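As C-alpha cells, the structure follows; a few thoughts come after it.
Within every chain, numbering begins at 1; the chains are lettered A, B, ... in the order of the sequence lines, protein sequences first and strands thereafter. This one's a predicted model, so the numbers in the text were calculated from it and none came from an experiment.
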Number of protein chains: 2
Amino acid sequence: MGATKTDHFTDKQNAIATLAKALGHPARVAIIDYLLKVDTCICGDIVNELPLAQPTVSQHLKELKNAGLIKGEIEGNAICYCIDEKIFQKLQNYFTSVSSKMEVKKSNCC
Amino acid sequence: MGATKTDHFTDKQNAIATLAKALGHPARVAIIDYLLKVDTCICGDIVNELPLAQPTVSQHLKELKNAGLIKGEIEGNAICYCIDEKIFQKLQNYFTSVSSKMEVKKSNCC
DNA sequence: ATTTAATATTGCAATATTACGATAAAGATT
DNA sequence: AATCTTTATCGTAATATTGCAATATTAAAT
C-alpha cells in the first residue's frame, strides 16, 4: 500500500508522529537550526543556507508549516518564517514524559 | 530522485532527522507507548496490541531498532524489546535546547 | 522427530517523499 | 509599464515507505 493507517491510532499518537515526521529530514532540521541562529525571523536567505534548489527548500518549508512547527507571514516581498514555540514545547513534553517514565521502570527493564 | 541528500548536512542534523523519522509513524509511536506501559520488556504480544499484520509490525520494530530507539534481544522463543533510554534522552536534550534557545530570542521574533 | 509458537524475511503492489527544472505570482525597483 | 527579486506551484523522474500474504527461521513443547 504505502498509505499510513492513521485511523487505528490515537490522536496523540498521530500528532506526535506527524511532528516527528516533519523533522525527519536533515534539511528540515537544518532549517530549524537556521531559524534558531538568526536574530530576526525575516528569512529570505534560507535558500542560500541550504545545499538544495529553491523549489526543494520551498517544499520543505511548506511541510514544516503544515506540521505547525513554523509560522510564515508574507512581509512585503520576502516572507517571515518563525519557529512555533508551542509546538516544540509539545515535543519537549513528550520526550520529557518518555524519559521520566523510563526512570520509574528502570529496575524492571533489561 | 527521492533519495535524501544526507551528505550536505551535519552529522548532528542527520542524527536528529534519523531519530525523528523513526518516530514519524503512529504505529511506531504506539509501540513506544506500549513498551512504556508494560512492566517488563518481554513483549511477545506487541502484534496483538496493534491494528497491523505481523510482518508489518515486525518491520516497524526493525526500523525502531535500526534507529537505535529500542534494543532487542532473543530470549528463548520470544524476543525482548526495550526502549533505549539514552537515545530518547538525546531527543529530549535536543528539544529542550530548542525551547531554551527560543526563550532567549523571544523578543526579536514575530 | 513432529508439531507448535513466535518472529523474521521475501516479494510485491500501492502510495508517499524527495528533488529539481520550468513556470507562475506578487510586490519592489527602476 | 518593464524589470527584478523572491517565493510558490506544477510536472515529473527517482527513490522510499507502508502494508500484507506467503514463506522461512528458530526454539520450545509434545
Side-chain angles (χ1 to χ4, degrees), chain A residues 1-9 13-14 17-31 34-35 38 40-67 70-82, chain B residues 1-9 13-14 17-31 34-35 38 40-67 70-82:
Chain A
M1 312 282 160
T4 298
K5 281 192 161 183
T6 53
D7 296 3
H8 302 94
F9 301 98
Q13 286 164 348
N14 281 314
T18 301
L19 293 176
K21 193 176 183 180
L23 279 175
H25 191 292
R28 296 196 285 269
V29 176
I31 288 171
Y34 183 70
L35 285 176
V38 293
T40 74
C41 24
I42 295 134
C43 310
D45 43 358
I46 289 182
V47 173
N48 305 320
E49 295 289 320
L50 294 177
L52 296 168
Q54 181 269 323
T56 309
V57 174
S58 187
Q59 201 173 294
H60 283 306
L61 285 166
K62 195 178 173 184
E63 269 171 79
L64 284 171
K65 198 179 172 187
N66 283 344
I70 63 175
K71 295 175 285 188
E73 279 172 49
I74 295 166
E75 280 230 346
N77 200 354
I79 289 237
C80 167
Y81 275 120
C82 346
Chain B
M1 315 278 158
T4 298
K5 282 191 164 183
T6 53
D7 295 3
H8 302 93
F9 301 100
Q13 285 163 349
N14 281 313
T18 300
L19 294 175
K21 193 176 183 180
L23 279 175
H25 192 292
R28 297 195 286 268
V29 175
I31 289 170
Y34 182 68
L35 285 176
V38 293
T40 74
C41 23
I42 295 134
C43 309
D45 44 359
I46 290 183
V47 173
N48 304 320
E49 294 288 321
L50 295 177
L52 295 168
Q54 181 268 324
T56 309
V57 173
S58 187
Q59 199 174 298
H60 283 306
L61 286 166
K62 194 178 173 184
E63 269 171 81
L64 285 170
K65 199 179 171 188
N66 284 343
I70 63 176
K71 295 175 286 189
E73 278 172 52
I74 296 166
E75 279 231 346
N77 201 353
I79 290 240
C80 166
Y81 274 120
C82 347

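- Scored by the side-chain contact (heavy atoms from CB on, under 4.5 Å) test, Q13(A) finds F9(A), T10(A), V29(B), A30(B), D33(B) as partners (sequence neighbours excluded).
- The separation between H8(B) atom NE2 and dT18(C) atom C1' is 14 Å, rounded to whole Å.
- Applying the salt bridge (Lys or Arg N to Asp or Glu O under 4.0 Å) definition to pairs two or more places apart or across chains, none involves residues 46-58 of chain B.
- Judged as a side-chain contact (heavy atoms from CB on, under 4.5 Å), and not counting sequence neighbours, the contacts of K62(B) are N66(B).
- Taking atom CG on L23(A) and atom P on dT17(C), their separation rounds to 15 Å, with Å as the unit.
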Nucleotide N/O of nucleotides 8-12 of chain C paired with protein N/O under 3.5 Å:
from, atom 1, to, atom 2, distance (Å)
dA8(C), OP1, Y81(B), OH, 2.7
dA8(C), OP2, S58(B), OG, 3.0
dA8(C), N7, Q54(B), NE2, 2.6
dA8(C), N6, Q54(B), OE1, 2.9

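- Residue R28(B) is tested with L61(B), L64(B), V57(B) for a side chain to side chain contact (heavy atoms under 4.5 Å, CB included); the sole match is L64(B).
- In this structure, K21(A) atom NZ and dA16(C) atom P are separated by 9 Å, rounded to whole Å.
- Applying the side-chain contact (heavy atoms from CB on, under 4.5 Å) test to T56(B) and every residue at least two apart in sequence or in another chain returns L52(B), A53(B), H60(B).
- Nucleotide dT18(C) holds its C1' atom 14 Å from the CG atom of L50(A), rounded to whole Å.
- When the C1' atom of dT9(D) is taken as reference, atom CD of E63(A) falls 14 Å away, rounded to whole Å.
- Here dT7(C) presents its P atom at 15 Å from CG of L64(B), a figure rounded to the nearest Å.
- Rounded to an integer number of Å, the gap from R28(A) CZ to dT17(C) P is 9 Å.
- When rounded to the nearest whole Å, the span between NE2 of H25(A) and C1' of dA19(C) equals 9 Å.
- Q59(A) places none of its side-chain heavy atoms less than 4.5 Å from the side chain of P55(A).
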